[in-house]
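Working notes, structure below.
Remember, it's 1-based here, ligands and their atoms both numbered in the order they're listed. Keep in mind that the numbers below use all heavy atoms, side chains included, and drop hydrogens, waters and symmetry copies.
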Amino acid sequence: MRVAVPKERREGEKRVALVPDVISKLTRLGYEVVIESGAGLHAQASDELYQAAGAAVVKGDVLSGADVVLSVQPLAPSQMATLKKGAVTISFLSPTTAADSIDAAVSAGVTAFSLELVPRISRAQSMDALSSQALCAGYRAALVGAELSPRFFPLLMTAAGTVTPAQVLVLGAGVAGLQAIATARRLGAVVSAYDVRPASADEVRSMGATFIQLELEALEGAGGYAREMTEERAAKQRELLTPYIAKSHVVITTAAVPGRTAPRLMTQEMIDAMEPGTIIVDLAAESGGNAEGSKPGEIVMTAGGVRIWGGKDVPSQLPFHASTLYARNVVNLLTLMTQGETPALTINFDDEIINGAAVTHAGARRIPEVKAAE
Ligand code: NAD
């Protein structure tokens, strides 16, 4: 049984699906591991390190002979077409943005798993790549805020007088938001946060930050995620948050609703009310932006002197650890599907995790078609 890792093809993608550290877990299960030469270049995983860890490194095609293909981004339709019937792929195969790859997996008779669809139950936590990558993004967001800000984050008592700490506001306190809070706190900032899910309040406080309580209905949806808000509630939330935003030196936004465009938390008017020199770090820039005017991969300077950093491929900005955590997630998922010593790959749809994450199998689609996010 051959597990293959191709080089990531999408520009800006610096992660790799397996790192040398985890190769032995697969070879011990009886898998043969083949890595495309150069696949780990950006993640400090050289061809030599893969070979030393027990993988074969091949120049060129690794897909045609593979039983299992592991990647970060979904395989392109042309890559799916080269796989053998019955092969398994594991990647971030988004039902909203990778419809072509899903169609190609159906045509090729491939069983394609999406890490975005792994159910968020405790047994699946070690396979939860959404969380591991959000962790990297949240950490990075706090560092970006600290770096762009013209101020210190910590309180400093110096011979030249006292420096007051930066006020950091985090909007959206899920996995990325909590990590941004923790990182900003470690740097010494005074942090406050808001989320539509009341359950996040205790988590925010446990990180040493203040939870902002607004007189608004909660929006807790299924699976611990938020629900989309009505325009009326969105407007009220923006109004109530305006004074908190206006007194912040750095605002980090991480709000998302699965499968939807990111909620608009900050309008131009609210941004214009911020002091010149303040910073917005918008982690949701790629999915529509929490802050009006944010652009993925760019720093936009407003007329009022506020800089808005738009996140693009943010976990890829920490390629070593993002890849290390991702690799552990995919190996744990593959291990769940592996039985015996030969090894035997067993796709057991009675298992809630396997059933939830499988997008295609045996020439059929297993999940309904989803229209692109509006
Ligand atoms: P996400 O990336 O979908 O959203 C990020 C955050 O934005 C969420 O906390 C959400 O409530 C918030 N948000 C959405 N709309 C908002 C708005 N209008 N204003 C302010 N905030 C808004 O979520 P995520 O970080 O992937 O996960 C969310 C939660 O799911 C976690 O905090 C956790 O409770 C739960 N979770 C459970 C497991 C598990 O049990 N295995 C794993 C991961 C996450």
Open item on the list: Can you tell me if Leu130 contacts ligand 1 (heavy atom of the residue under 4.0 Å from the ligand)?
Closed with: no
Open item on the list: Using heavy atoms and a 4.0 Å limit, tell me yes or no: is Ile121 in contact with ligand 1?
Closed with: yes
Identify the protein heavy atom lying closest to [atom], giving its residue, its atom name and the separation to 0.1 Å.
atom	value
atom 2 (O) of ligand 1	Ala256 CB, 3.8 Å
atom 5 (C) of ligand 1	Thr254 O, 3.4 Å
atom 41 (N) of ligand 1	Gln125 CG, 3.3 Å
atom 13 (N) of ligand 1	Ala255 CB, 3.8 Å
atom 29 (C) of ligand 1	Gly224 O, 3.3 Å
atom 12 (C) of ligand 1	Asp195 OD2, 3.2 Å
atom 19 (N) of ligand 1	Gln237 NE2, 3.0 Å

Open item on the list: I'd like to check the side-chain contact (heavy atoms from CB on, under 4.5 Å) partners of Pro276; sequence neighbours left out, ordered by chain and number.
Closed with: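 None.
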Open item on the list: If we set the cut-off at 4.0 Å for heavy atoms, which region of Arg120 has an atom near ligand 1: side chain, backbone, both, or neither?
Closed with: both
- [ ] Measure Ala173 to ligand 1 on non-hydrogen atoms and call it side chain, backbone, both or neither using the 4.0 Å cut-off.
- [x] backbone
Task: Whichever hydrophobic residues join Val190 through chains of side-chain contacts under 4.5 Å - done: none
Open item on the list: Between Lys14 and Asp313, does any side-chain N to carboxylate O distance fall below 4.0 Å?
Closed with: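 No, Lys14 and Asp313 are not salt-bridged.
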